[in-house]
Amino acid sequence: MEIRKGIGVSPGVVISTAVVLDAEALVIPRRSVDAAEVPAEIERFGKAAAATVVDLQKLRDEVTGKHGKQIGAIFDFHIGLMKDPTLVNRVLNEIRSQSVTAEYAVSTVMRHYAGMFQQMTDRYFSERIKDIHDIEKSLLRNLIGQKHADLGKLTQDVVVIAHDLLPSQTAALDKLHVRGFATDVGGRTSHTAIVARAMGIPAVVGLGNITGEVSGGDTVIIDGTRGMVIVNPDPDQIAEHREFERQQIRLETELASLRTLPAQTKDGHLVSVMANIEFPGEIDDALQRGAEGIGLYRTEFLYLAAAHEPTEDDHYAAYAEACKRLDGRPLVIRTLDLGADKYTQEKAASPERNPFLGDRSIRMCLHDIPMFKRQLRAIMRASVLGDVRIMFPMISTLMELRQARMVLKDVTEEMEDEGIPFRGDIPLGIMIEVPSAALMASNFAKEVNFFSIGTNDLIQYTLAVDRTNEKVAGLFCPAHPAVLSLVRDTIRAGSRNSIGVSVCGEMAGEPLYTLLLLGLGLTTFSMNGPDIPEVKKIIRSTTMEHARNVARKVMSFDSERQVMHYLREETRKIIPEAF
Amino acid sequence: MKDEAAPGTRPVLSSFCLHPSSFDSMPKASKELVVSNSLGLHARPAMQFVDLANQFSSAVMVYKGGEEPAEADGKSVMQMIILAATQGTPIRIEAEGDDAEEAVVKLAELFESKFGEE
């Protein structure tokens, strides 16, 4: 039994079997199998060995053709090793006598041989260790390829243990069977955290070396509420956590009863509660939890989930599906918000030195007009299918907004010429997530139909904190008075110009900030589905007068510590079980 | 440095000592020589040796002399390479079976040709 403390980024408790991903996202296999599974493992090894020989023969022929027999002969050696009864029988014996998986047996046997080569004094012979590693790798690739790798098609519930989860990986996850995440790195607003909250499953990040401590098949408790991971728990701990799990479900059921009730304060002030999504498939669940619409549709997942850049029709298909599921409810589509991430940095000709201040988001779109137009055209085609709204991310100057609007105008003119219907007065909004935009909110308010405050980026740019850097992540705080005054000013500018203002960052879904945001005059809260009931409960339990007083008091503090302390006190009065 | 023998090949030493029947009936042959090619019995020569050894029905064993004596099944490339027989290492090839004589002659020739390297 091992207890590891990390950062709980998505609440809840789960007890399940671990699947461990290594740095290259290959699944590290579990160790032991039941005696009954031994024959199946032996068969798997046989198939993998045969496949490896075929791979090696292909490689040999290719290399011989290109570089001659001399070089090709090295693969004859590899093939010879693969067919060597000494090696094969050793692996089979290992599987049989230890009841382990084929992968584990291969690793053990290869480690044994690697050790022998390591001891050799002659450099030529000791270097053969590389050949051993080579064939081990291709054997494992063939073994893993057979069965374990596909996290998109799981047959039982698992928790995923990884160094870090990439957007492309989470996009391909089997949402039905993945019950929790635990990662080595990451912070409160890392991708893993966001996805876990969207999926409503517990997650703990920043655990240091959890991938080294858990092996596939271990039983793991992920306690996202308390930021804890327990590896191979004892029966008492399992019992305790099962009880906790039950309590959470009870609380959730209670909150679910709020679903059909409006987000209205006791004194009749009405706000909107919406959901953030990454895939249209999440809409049903969001509505189930009481969302009145989608306040943020992150379309970059269209790019991350597919191998190629999405076509106009790919975009359209996704938006049309979203409209259909929403049945007339609002859908705020955020245009592509990529850049400053692994995906684009790896593709870039030369990596940027400072990608977060670089060619990302709307800037990237304005540098690639054809790509931008494809998306805008698809949005406009979908605009007649429901209440579709467009939102531009990362706007930092008025010029950018005007340019983006021009591109949109081009698109609609072309569509007009082609006789394709669209909604001419489609609501247009911007994300307020750069301090310059927040400071000029009253100028922007005259040119758009709504604001949505992206607190994650606004905090990062205001406080100069990279939220994924564990060393400084502690400085990342929504309660910082500087951040709060930008939020307040943005909401004020919106209300003076009679346009709606929402918060679609993590802050909107944290019950701690609900009273404050309500009191500042926010009109829309957009958050991950699972957070909706709790936030709604707070809104319905207070009065606008009280919320305004809370906001006034908060704005008089000069440290985030005071702010959080006070807000915790006030919120606890409403939902004591939340903290 | 010892590795278990693969099934189907005969652990020669024990059959020598413990089984009079095989001692009597099976023809055997052996030859001593010295590894003479410059890189020793490395990957490609080991593979050539094993390929050739596998063409005979006789069991083939290779004994390495010198400071770190060891033995290997001449039909297992893994065991052969683990011998780590460098240039100058004394070697004894032993075969036991119907074509033992021919096997030893051909395998020794391969050594003497320095595996076609020099």
* Go through the side-chain N and O atoms of Asp122(A) and Thr86(B) and say whether any donor and acceptor fall under 3.5 Å apart. => no

Calculate, to the nearest 0.5 Å, the distance between atoms [atom1] and [atom2] belonging to [X] and [Y] respectively.
| X | Y | atom1 | atom2 | value |
| --- | --- | --- | --- | --- |
| Asp51(B) | Asp76(A) | CG | CG | 7.5 Å |
| Ser76(B) | Lys83(A) | OG | NZ | 14.0 Å |
| Met120(A) | Glu68(B) | CE | CD | 9.5 Å |

* How far apart are the closest heavy atoms of Arg44(B) and Ala73(A), and which atoms are they? -> CD-CB, 3.6 Å

* Toward chain B, the part of Phe77(A) with a non-hydrogen atom under 4.5 Å -> both

* Interface moiety of Ile132(A) toward chain B, non-hydrogen atoms closer than 4.5 Å -> side chain

* **chain A contact via Ala72(B) - which portion, at a heavy-atom distance below 4.5 Å** => neither

* To do: Sort Val50(B) into side chain, backbone, both or neither according to what part of it lies under 4.5 angstrom from a heavy atom of chain A.
  => neither

* To do: Check the surroundings of atom CD in Glu127(A): do more than 12 heavy atoms from other residues, nucleotides or ligands lie under 6.0 Å from it?
  => yes

* **Reference residue Asp84(A); test side chain to side chain contact (heavy atoms under 4.5 Å, CB included); the match among Met80(B), Lys75(B), Met78(B)** => Met78(B)

* **Heavy-atom side-chain contact between Phe125(A) and Ile82(B) under 4.5 Å** => no

